[in-house]
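Residue numbers start at 1 and run along the sequence shown.
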Amino acid sequence: MHLSSKHATLINNCYPEKEGDSTPRSSELSYLTFYASSRPVKLTKVGVFLEKKVERDVLKNRKHNNKVSLHVIKALVQTCHRDLNLFSKYVVKILNLVLSTHELDLMDQTCDTFIVFCNYHDGSTLGVDAEFTADFESLIKKFASLCDNNNTDPTACLTMKHIGHRAILALFSSASLQKSTFKTQLGILFPPILTTLSISNTPANILAKNSADAVDVHQSSLNNSGLEKGSIDNIAAKSATILFNQLNGGSVRTALHPLFTYMDNKKKWWPPNFAVSMMELVLDALQVSYPPDLFQPQNRYLLVSDILQQLEAIKTDNGSYEISEKSAALVSILDTILNANVPMVGISVLEVLNSLFTHLIKSLNGRNYRREAPDPSNANATYEYAVHQGLAHSIGGLASQTYYQNQLNDIVGYIIAKLRAGTPLDYVEDMPIHQYRNVALICLEMIIAASKESLDNDSYDSAANGIALTSWIPALGLLTDKHLDTRLDFAATLTRFLEVTTNEADLISDPYPKHLLTNHSDVMFVNAVHQAVLDWVQMPACHVPDVGAMYTLLCTLTRRFGVDGTIRTMPVVFRLQSLVKQGVIKQTSRQRAVAAATVEWFGMIAHMHAIEPLVVYLKGLKDARIKNKEYSPIFIPSSAPGVVDVVDFDDLEPQNTTPIDKFIDRHMVVEIISKDGSLRDEDDTHGLDLESKLYAEWGSEAFANQERSFRIRSSRDLEEMKPKLATPWTRPEFELSERAQKNTINVENLKEALSFQRTKESSSDAESTSDSLHLMTGRSLSKRPKDTRTDIDSILSSLSLGIHAPKPSTSSSLVNPPYKS
């Protein structure tokens with residue numbers, strides 16, 4: 001029957017007459033492909049005939065005929081790819097048959113044919129044709145099994161692995177992967193790739209970068225001089241990269257599932273090198289599409305949410321938080337991803353922040369925060385260190401990328417709220433409050449460090465995306481907290497923030513000083529810090545380290561605002577001196593420490609502004625105090641190392657009870673600074689304005705009025721955002737005299753204007769009323785020449801409000817406005 005059909009004759013003619021020849025007759029093959037392409041309806045019969053022929057040849061071990069059959073199928077797929085679905089099931093059956101022979105040369109040629117098949121197969125029949133789907137899955141299972149073969153011959157083993165990975169790479173590059181059977185295919189093909197990458201000596205992400213142009217899937221696995229273990233690793237990395245290149249949102253989560261399952265089953269979580277390198281490969285693969293597509297949705301943020309879900313699912317039998325090798329590895333992955341300097345558009349910043357901080361607090365339940373790496377032999381301590389450091393560093397990494405304006409303020413505001421300044425609670429979330437705050441301050445330090453680096457390299461306006469000073473005001477109460485460590489840690493964190501936000505170029509007077517304290521919010525912050533410092537130094541529990549931290553904070557605050565900071569802080573420093581002078585601060589050792597801090601602060605500003613006379617004056621004062629034992633050793637370089645561990649003032653020079661006798665002469669200091677030109681404005685020729693500011697007492701009305709002199713401006717133009725009243729009548733031109741402009745009606749003279757209107761209405765006619773109406777409208781609009789809106793006072797004054805009944809011809813109606821008369 002077959003011998004009489006034309007397609008059977010054409011197929012048989014392709015086979016060579018000479019025994020042992022494994023290539024088809026070219027002319028007959030061309031005739032067959034032309035016949036099949038011109039008559040697509042015959043493709044099914046062609047496929048059936050070829051399948052039966054290959055089945056017979058496999059049974060009779062006709063190796064050369066099978067090679068010819070593979071050539072014929074390859075040519076038909078390339079020529080008739082538009083109608084591939086008509087005979088694709090037979091192609092898969094044939095490849096299954098030939099691959100079962102376990103002949104290396106036939107397996108290699110089968111892989112070549114399968115690669116061509118994958119280039120054209122769209123997978124539309126997968127999941128629809130049950131028989132075809134089963135055959136296709138059986139075929140890819142055979143290819144996947146080659147990747148894990150245990151052949152005793154090293155060369156054969158390597159060749160078979162190369163064949164299997166080439167087939168997987170071809171399938172991952174095919175459109176058929178993203179079909180209804182995607183999850184099944186992934187479960188078959190992904191584990192062999194993970195196995196290969198897990199035993200590689202090179203990290204997976206490095207292999208992916210090296211394999212970008214080094215992999216040729218069409219290169220034969222036989223007689224390949226370059227075939228080695230490294231080339232197979234490159235193919236595996238390339239396959240994983242292509243897989244995640246082309247995945248959409250839902251598929252990303254589906255692809256990550258076998259990855260996590262593999263690490264669970266094979267216990268590959270720790271050490272975290274493989275897990276971290278695989279997630280870096282995935283992260284890099286999701287950055288670009290394959291092929292390149294500028295409009296591909298961003299899916300990188302899905303990695304963070306999936307890892308957090310995995311971390312959330314780790315619990316012990318009693319429901320408590322467990323720190324294991326898996327949780328340590330997952331946190332290491334999060335740390336790597338969030339600090340990879342790769343933007344993840346679509347990430348929910350505050351939700352991720354809340355999750356990270358919550359996990360950090362839970363991981364500290366019954367444990368201390370590990371700042372230093374433990375002995376590697378202690379596994380549990382190593383896991384704890386990885387989790388604690390990784391979560392805190394991840395929070396900093398989250399702040400390193402800007403996804404929306406005011407993001408840093410939101411992040412800092414969240415952490416500052418966690419500080420719970422002013423709370424009477426001793427425990428928060430089953431932790432002592434001082435330990436809880438210590439962890440929050442560590443996170444705050446990470447955010448400050450990361451934000452500084454990101455804003456330096458950010459194309460956006462740093463002022464608009466930076467951390468606002470007012471964000472810190474709610475936490476300033478921690479400077480007077482009852483726990484010494486909390487006070488010192490918060491002061492150190494705030495000092496660090498002020499340091500990183502200080503621009504040294506703004507501190508140079510060229511030739512006149514630059515004003516940096518120009519926003520009302522900044523003045524509020526400075527005032528709040530000054531008040532907190534004054535409360536801090538008067539605390540009964542104020543210790544030796546407190547004075548050092550207070551001095552450092554004042555110096556940093558002063559440098560942050562340059563000349564304005566100096567002028568604003570000087571009254572506070574003199575107030576500190578007066579607290580010592582008036583005996584508010586009792587202990588003599590404490591008095592000497594605070595008084596020495598004031599001298600050191602003036603020495604700092606003398607060097608900062610290069611005021612040499614002030615340097616000379618302070619040196620003499622300091623030397624005199626040291627000679628009379630009136631100077632605290634914590635500010636003497638030769639004595640400071642010996643008292644670095646002293647906490648209580650009772651233990652600081654207990655034998656020295658000498659009170660302070662020599663204080664800073666305010667008149668002399670003000671005179672020196674006023675005469676020096678480095679702090680004077682251009683219009684302050686003789687320094688009188690500067691002198692008045694320096695003489696202002698802290699908390700006085702004169703000190704409060706200094707805010708105007710700092711050219712305070714609002715950070716936003718609120719005037720433009722206010723609701724505006726619009727008048728229905730306007731005139732194109734207004735001819736106003738100087739006298740008319742001076743008589744503009746406002747809130748202060750509204751009553752007088754209304755009385756004037758009543759008198760005028762009773763004695764004017766219709767024409768004068770109309771003129772008065774236009775005149776008042778003009779006066780109102782001329783008050784703001786750049787704003788054409790009408791003031792409400794002019795509207796009220798233009799209405800008829802008289803108690804006498806006006807004439808019909810002279811009355812103004814709300815329904816019929818004057819311009820209609």
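In this model, a donor atom of one side chain and an acceptor atom of the other lie less than 3.5 Å apart for K326 and Q310. For the 3.5 Å distance criterion, the side chains of S124 and N85 qualify, holding a donor opposite an acceptor.
At distances below 3.5 Å, at least one donor-acceptor pair connects side-chain atoms of T113 with backbone N or O atoms of Q109. At least one donor-acceptor pair closer than 3.5 Å links the side chain of D108 to the backbone N or O of S221. In this structure, the side chain of N12 engages the main chain of A8 through a donor-acceptor pair within 3.5 Å. Judged by distance alone, the side chain of S355 and the main-chain N or O of E351 form no donor-acceptor pair under 3.5 Å. Checking side-chain atoms of Q407 against main-chain N and O of Q401 turns up a donor-acceptor pair under 3.5 Å. Judged purely by atom type and a 3.5 angstrom limit, S277 has no side-chain atom pairing as donor or acceptor with the backbone of N205. Side chain of E325 to main chain of W269: no donor-acceptor pair is present (N/O by atom type, distance under 3.5 Å, no hydrogens or angles). When atom types are taken as modelled, the side chain of S138 and the backbone of A134 share no donor-acceptor pair closer than 3.5 angstrom. Formation of a donor-acceptor pair under 3.5 Å by the N149 side chain with backbone atoms of L146 is found in this model. No donor-acceptor pair closer than 3.5 Å links the side chain of S200 to the backbone N or O of L197.
Taken to the nearest 0.5 Å, the CD atom of E28 stands 12.0 Å off from the CD1 atom of I11. Atom CE of M279 is separated from atom CD1 of I337 by 4.5 Å, given to the nearest 0.5 angstrom. A distance of 11.5 Å separates CG of N299 from CZ of F244, quoted to the nearest 0.5 Å. Separation of atoms CE (M278) and CG (L256) is listed at 9.0 Å; rounding is to 0.5 Å. Rounded to the nearest 0.5 Å, atoms CG (L177) and OG (S251) are 8.5 Å apart. Between the CG atom of L207 and the NZ atom of K238 there is a distance of 12.5 Å, given to the nearest 0.5 Å.
Two residues are said to be in side-chain contact when any heavy atoms from C-beta on lie closer than 4.5 Å; L50 and Y90 fail this criterion. Side-chain contact between F114 and I140 is present, with at least one heavy-atom pair separated by less than 4.5 Å. The closest side-chain heavy-atom distance from C111 to F143 is below 4.5 Å. The shortest side-chain heavy-atom distance between V342 and R300 falls under the 4.5 Å cut-off. A 4.5 Å side-chain heavy-atom check between Y262 and F190 finds every atom pair outside the cut-off. Contact check for Y301 versus V352: no side-chain heavy atoms found under the 4.5 Å cut-off. Residues D135 and K89 fail the side-chain proximity criterion, which asks for heavy atoms closer than 4.5 Å. Using a 4.5 Å cut-off on side-chain heavy atoms (C-beta onward), H81 and N119 make no contact.
The pair K93-E131 counts as a salt bridge, with a side-chain nitrogen and a carboxylate oxygen less than 4.0 angstrom apart.
Each of D57, D105, T110, T23 was compared with K67 under the side-chain hydrogen bond (donor to acceptor under 3.5 Å, both in side chains) criterion, and only D105 meets it.
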Quick one, Y31 with N13, criterion side chain to side chain donor-acceptor pair (under 3.5 Å). Give me CA distance, side-chain angles, the key distance, then yes/no.
CA-CA 10 Å; Y31 194 4; N13 289 341; over 6 Å; no

Do T202 and D233 pass the side chain to side chain donor-acceptor pair (under 3.5 Å) test, and can you show the C-alpha distance, the side-chain angles, and the key distance before you say yes or no?
CA-CA 9 Å; T202 307; D233 296 344; over 6 Å; no

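Enclosure of atom NZ in K45 is not indicated, since only 12 or fewer non-hydrogen atoms of other residues, nucleotides or ligands lie within 6.0 angstrom. Within a 6.0 Å sphere centred on CG of N265, heavy atoms belonging to other residues, nucleotides or ligands number more than 12.
Seen from the ring of F274, K266 does not count as a face-on cation partner, given the 6.0 Å and 45° thresholds.
Under the 6.0 Å cut-off for aromatic ring centres, F87 and H7 do not qualify, their centroids lying 6.0 Å or more apart.
Between F117 and F136, the angle of the ring planes lies from 30° to 60°, which puts this pair in the tilted group.
Remark: C147 engages H165, I168, P192 in a side chain to side chain contact (heavy atoms under 4.5 Å, CB included) (not counting sequence neighbours).
Across every non-hydrogen atom of A255 and L186, the tightest pair is CA-CD2, 3.2 Å.
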